[in-house]
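These notes concern the structure reproduced below.
All values below were derived from every heavy atom in this structure, side-chain atoms included, with hydrogens, water molecules and symmetry-related copies excluded.
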Amino acid sequence: AEDWQWLAPCYYIPNFIDSPRYLQAKASKVWKKTDDELVIGWGGSLSHLNSFKFSGILDGLTRVFKQRKNVKFLLAGDERIRPLLKLPADRIIFQPYVMWNGWPKVMTKMDIVVAPLHARYDHSRSCIKSCESSLMGLPFVATGCPTYKDWQERGIGLYVDDGPIEELKDRATLWEQKLLDVIDHYTEHREEMATHFEYAYENWDVDKRVGYLEEMYQQIIDRNG
């Protein structure tokens, strides 16, 4: 909104989440424990190409997969991101795009969620991945940036700070460390995520934020009506 305010009045409405769809899917999830086969999952479009290239996650994942044989990677969405993943082919699961109402079911196949981001464009994305992960009770590792500020300040999830391309190797090491931590102590991380359900549900569920939406639209009417 700040970026484009000079062109036209802009208003910020968060990407609130439709909780019932996720909670219905969550009820059918088979939960894993430490040492079980764990699926690291990500879903999105080709607009995230630079998110993967410059966040450090690619080398981080490669190192993790060499050290831990009980993990797989679920790539959901655009298959053109697949060539970036230098992982054994038999440990990559590809999930094509699904309709909006089928996405929560795809998330039940994930045990750990990753949310790599990089630079100013990505910093303006919504925090939908942290919302989804928290509602579903899935541990997640993300790029620490304004996108996830509300979650990072509350200690929800693990984070690798963003930075210049010159520090890519350092970030790869941090992705490796964070992911190994979650994998090796998965039960503890899952139990920790379960304690943050109320924050996500009470503050980011769209039905609970109807008052906020009404207020924002009233501001638009009053300013432009």
Side-chain angles (χ1 to χ4, degrees), residues 25-26 28-98 102-118 122 125 128-130 132-133 136-144 157-163 165-190 193:
K26 180 181 179 181
S28 65
K29 177 165 174 58
V30 177
W31 293 100
K32 307 286 187 62
K33 299 178 182 178
T34 304
D35 297 330
D36 286 343
E37 180 179 275
L38 300 173
V39 176
I40 299 172
W42 178 89
S45 68
L46 197 64
S47 69
H48 278 280
L49 204 60
N50 284 344
S51 310
F52 275 87
K53 286 183 177 179
F54 303 122
S55 64
I57 192 174
L58 293 174
D59 285 344
L61 279 171
T62 299
R63 298 175 193 174
V64 167
F65 272 59
K66 287 180 179 178
Q67 297 174 68
R68 299 293 182 272
K69 304 303 181 184
N70 64 319
V71 291
K72 291 185 176 181
F73 190 84
L74 189 154
L75 170 65
D78 201 308
E79 195 168 17
R80 288 173 290 180
I81 288 177
R82 187 169 185 165
L84 298 178
L85 300 170
K86 306 305 181 184
L87 306 175
D90 62 347
R91 295 171 68 184
I92 298 177
I93 305 164
F94 177 65
Q95 167 65 57
Y97 283 108
V98 296
W103 174 243
K105 191 69 175 177
V106 173
M107 289 200 72
T108 64
K109 302 175 184 178
M110 304 177 185
D111 303 301
I112 301 167
V113 173
V114 290
L117 299 176
H118 175 69
D122 277 356
R125 293 184 186 271
I128 189 66
K129 283 184 170 59
S130 56
E132 293 174 331
S133 301
M136 298 285 288
L138 299 173
F140 69 94
V141 184
T143 297
L158 299 180
Y159 298 88
V160 175
D161 285 341
D162 199 5
I165 296 176
E166 292 76 19
E167 298 174 2
L168 194 59
K169 291 183 178 179
D170 294 334
R171 290 200 295 281
T173 298
L174 291 174
W175 275 100
E176 175 190 6
Q177 294 171 348
K178 302 289 184 181
L179 286 170
L180 287 176
D181 183 16
V182 177
I183 292 165
D184 294 343
H185 306 93
Y186 183 71
T187 301
E188 293 91 331
H189 281 282
R190 189 167 68 78
M193 279 303 300

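In terms of the side-chain contact (heavy atoms from CB on, under 4.5 Å) criterion, residue partners of A115 (sequence neighbours excluded) are, by chain and number, K129, A142, Y148. Residues satisfying the side chain to side chain donor-acceptor pair (under 3.5 Å) criterion with T34, sequence neighbours excluded, are T187. When the ring-ring contact (aromatic ring centres under 6.0 Å, His included) test is applied to H48, the partners found at least two apart in sequence or on another chain are W42. Listed by chain and number, the residues in a side chain to side chain donor-acceptor pair (under 3.5 Å) with D78 are R80 (sequence neighbours excluded).
Closest of all the heavy-atom pairs between S55 and S51 is OG-O, 2.6 Å. Between K69 and K66, the shortest heavy-atom contact is NZ-O, 3.5 Å. For G77 against F94, the heavy-atom pair with the smallest separation is O-CZ, 3.4 Å. Residues W175 and G56 approach most closely at CD1-C, 3.6 Å, considering heavy atoms.
Annotation: the span from Q95 atom CD to K105 atom NZ amounts to 12.0 Å, rounded to 0.5 Å. Annotation: the span from L174 atom CG to L179 atom CG amounts to 11.0 Å, rounded to 0.5 Å. Here the straight-line distance linking atom CG of L74 with atom CD1 of I92 works out to 10.5 Å at 0.5 Å rounding.
Between the side chain of K178 and the backbone N or O of L158 there is no donor-acceptor pair closer than 3.5 Å. In this structure, D36 contributes its side chain and K33 its backbone to a donor-acceptor pair below 3.5 Å. Judged by distance alone, with hydrogens and angles left aside, the side-chain atoms of K86 form a donor-acceptor pair with the main-chain N or O of P83 at under 3.5 Å. Remark: the backbone N or O of P104 is not paired with any side-chain donor or acceptor of K26 at under 3.5 angstrom. Checked by atom type and distance alone, the side chain of Y186 pairs as donor or acceptor with a backbone atom of D111 at under 3.5 Å. Side-chain atoms of W103 never come within 3.5 Å of backbone atoms of Y97 as a donor-acceptor pair (strictly under, hydrogens ignored).
Screening residues 54-89 for ring-ring contact (aromatic ring centres under 6.0 Å, His included), with sequence neighbours left out, gives F54-H118. Sorted by first and then second residue, the pairs that involve residues 37-51 and meet salt bridge (charged side-chain N to carboxylate O under 4.0 Å, His left out), not counting sequence neighbours, are E37-K72.
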Could you check L75 against I93 for side-chain contact (heavy atoms from CB on, under 4.5 Å), going step by step and ending with a plain yes or no? CA-CA 6 Å; L75 170 65; I93 305 164; over 6 Å; no

Check the pair F52 / I57 against side-chain contact (heavy atoms from CB on, under 4.5 Å), numbers first and verdict last. CA-CA 6 Å; F52 275 87; I57 192 174; 3.8 Å; yes

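Between K169 and T173 the shortest side-chain heavy-atom distance does not fall below 4.5 Å. In this structure the side chain of L138 never reaches within 4.5 angstrom of the side chain of M193, judged on heavy atoms. Two residues are said to be in side-chain contact when any heavy atoms from C-beta on lie closer than 4.5 Å; L87 and T62 meet this criterion. Taking 4.5 Å as the limit, every side-chain heavy atom of I40 sits out of range of all side-chain heavy atoms of V113. N50 has its side chain out of reach of D122: every pair of non-hydrogen atoms, C-beta onward, lies at least 4.5 Å apart. The shortest distance between side-chain heavy atoms of M110 and P139 does not fall below 4.5 Å. Here the side chains of E176 and Q67 are in contact, with some heavy-atom distance below 4.5 Å. Two residues are said to be in side-chain contact when any heavy atoms from C-beta on lie closer than 4.5 Å; V39 and I112 fail this criterion.
The pair R171-D59 does not meet the salt-bridge criterion, since no charged nitrogen lies less than 4.0 angstrom from a carboxylate oxygen.
A donor atom on one side chain and an acceptor atom on the other are not found under 3.5 Å apart for D162 and T143.
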